[in-house]
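Structure first, then comments.
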Protein chains: 2
Amino acid sequence: MSLRYALLALVRVGPQSGYELQKQFAVSVGHVWHAPDSQIYPELRRMEGEGLLAGEEQTRGERGTRRLYHITPAGEQAFLDWMASPPDYQRVRDPAHLRAAYLEAATPAQGRAFLRAHIAQWEGELEQWRGELVRIDAADNPMLVRRLAVTADEDRERTIAYKRFAYEGLVERALGEIQWARSGLDLIDRLEGAEEAP
Amino acid sequence: MSLRYALLALVRVGPQSGYELQKQFAVSVGHVWHAPDSQIYPELRRMEGEGLLAGEEQTRGERGTRRLYHITPAGEQAFLDWMASPPDYQRVRDPAHLRAAYLEAATPAQGRAFLRAHIAQWEGELEQWRGELVRIDAADNPMLVRRLAVTADEDRERTIAYKRFAYEGLVERALGEIQWARSGLDLIDRLEGAEEAP
DNA sequence: TTGGTCATGTAAGTCGTTACATGATTGG
DNA sequence: CCAATCATGTAACGACTTACATGACCAA
């Protein structure tokens, strides 16, 4: 149930429409917490109903409208309460390692395909997260720039440092997954004989 | 939807009751894929309905019964098909890194509490997974022993090696998470000043 | 005038969580 | 005889997925 806190983190930097928030999910928080629009719009309505956000109907052109959401004091407090609350961890549920534990039931080719897919998956994530680190350093992330604009001077270093910290952790994790899968490819070579040239 | 494949992996070594499978989840596959009994019993019934398992009603004492599940050829094939299928990855949804990215909104004490909880969480997992490695090496895991008993000699090495491979990956991941959180504690010290003695 | 993007949802279904519910058997 | 453990579920709810649905605005 972190979706609402991800949304609060975004709305905290300034009023936004559902559409803007949904787009931000694709490029900033979304690198850490994915959510589709079909989940975001109803959640914003719920949060408005609970008083965490205030919605403001705006006109757009002749007949178009959009709804700008502002954070309320209750919303700000909910975010701070969440930051102070003990984290909740999901029980482990890891399809990749589950499958890896039974690779003797696969052919060597299937095992290699699986591990290569794992590498490709994490290389994709790695690229996202490294890109985000670059954008943080270049002050090139629009949300971070907006955030820093409303942040007191003495808090800018901290804001940037914690963001770097989060993404560095993700980069390390991705590198670990890739290294693990590579060692799995080596293991298959040792156990089943090296792969024939295609 | 890996639950049924985790169950198939277990039933593949020999007939088991729902209760036994549920217990195995606590000590073997459960280290990789958690599932509560309230999910396991209905899933077994569904799998029986789909012909992946064959259930056999047994009497226990005077009036007690239990249901033994055998894997069917269709079940075996479903497991092998799953091993050969491209893995599916969930979109990223990581509450810990989400929170880490906004730690400037927390007090130093809250930030430290969060990171310490993260360390405690992963030290718990680490202990589980290292324990599992020890049991693999000592041939002390009942499911693995049963598995090896029905495994051809030439396949034993592979069976053990892949299991080690899976758990070694999890151990590395846990170590990475712990290292990350420790570096976060150092970061808080640098940014906010070292913690006062309690 | 047309295609992209702005804008906001609904509906059906799956997976998982938490809590509740019940009763039999067996070993000490 | 009593506690542990064997044994099997149901019910309600919440989070997320996938697919569908609609329409306005704007720039080329």
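Residue numbers begin at 1 in each chain, while the letters A, B, ... track the order of the sequences.
Proximity of a side-chain donor or acceptor of B:Ser2 to a complementary backbone N or O of B:Tyr5 within less than 3.5 Å is not detected. Under the 3.5 Å distance criterion, the side-chain polar atoms of B:Arg156 are matched with a main-chain donor or acceptor of B:Leu148.
Aromatic ring pairs are classed by plane angle as parallel below 30°, tilted from 30° to 60° and perpendicular above 60°; the pair A:Trp180 and A:His118 is perpendicular.
Residues B:Lys23 and B:Glu20 are not paired through a salt bridge, judged by the lack of any N-O separation under 4.0 Å between the basic side chain and the carboxylate. Taking a cutoff of 4.0 Å between a charged side-chain nitrogen and a carboxylate oxygen, B:Glu57 and B:Arg66 do not qualify as a salt bridge.
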(request) Mark up nucleotides 16-28 of chain D, 5' to 3', with B wherever a protein heavy atom is under 4.0 angstrom from a base atom, S wherever such an atom reaches only the sugar-phosphate, and - elsewhere. (result) SSBB----SS---

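One interatomic measurement links the two molecules: CD of A:Gln16 to P of C:dA7, which rounds to 12 Å at whole-angstrom precision. As rounded to whole Å, 5 Å separates atom P of C:dT8 from atom OH of A:Tyr41. We find that CG of A:Leu68 is positioned 15 Å from P of C:dC6, with the value rounded to whole Å. As rounded to whole Å, 14 Å separates atom P of C:dG9 from atom CE of A:Met47. Across the protein-nucleic acid pair, A:Leu44 atom CG and C:dT10 atom C1' stand 16 Å apart, rounded to whole Å. B:Phe25 places its CZ atom 12 Å from the P atom of C:dT17, with the value rounded to the nearest Å. A:Arg66 has its CZ atom 5 Å from the P atom of C:dA7, to the nearest Å. Rounded to whole Å, the distance from CD on B:Glu20 to C1' on C:dT25 is 15 Å.
In this view, A:Arg46 and A:Glu43 satisfy the salt bridge (charged side-chain N to carboxylate O under 4.0 Å, His left out) rule, not counting sequence neighbours.
Taking the ring centre of A:Trp82 as origin, the terminal cationic atom of B:Arg99 falls inside the region bounded by 6.0 Å and 45° from the ring axis.
Taking the side chain of B:Tyr69 as heavy atoms from C-beta on, and the options C:dC6, C:dG9, D:dG9, the nearest nucleotide is D:dG9.
Across the interface with DNA chain D, nearest-nucleotide mapping of A:Glu43 and B:Lys23 shows B:Lys23 to be the residue nearer the 5′ end.
Residue B:Gln22 is classed as a base contact, given a heavy-atom separation below 4.0 Å to a base.
Contact annotation: B:Tyr19 does not reach the phosphate of D:dA7 (side-chain N/O to OP1 or OP2, under 4.0 Å).
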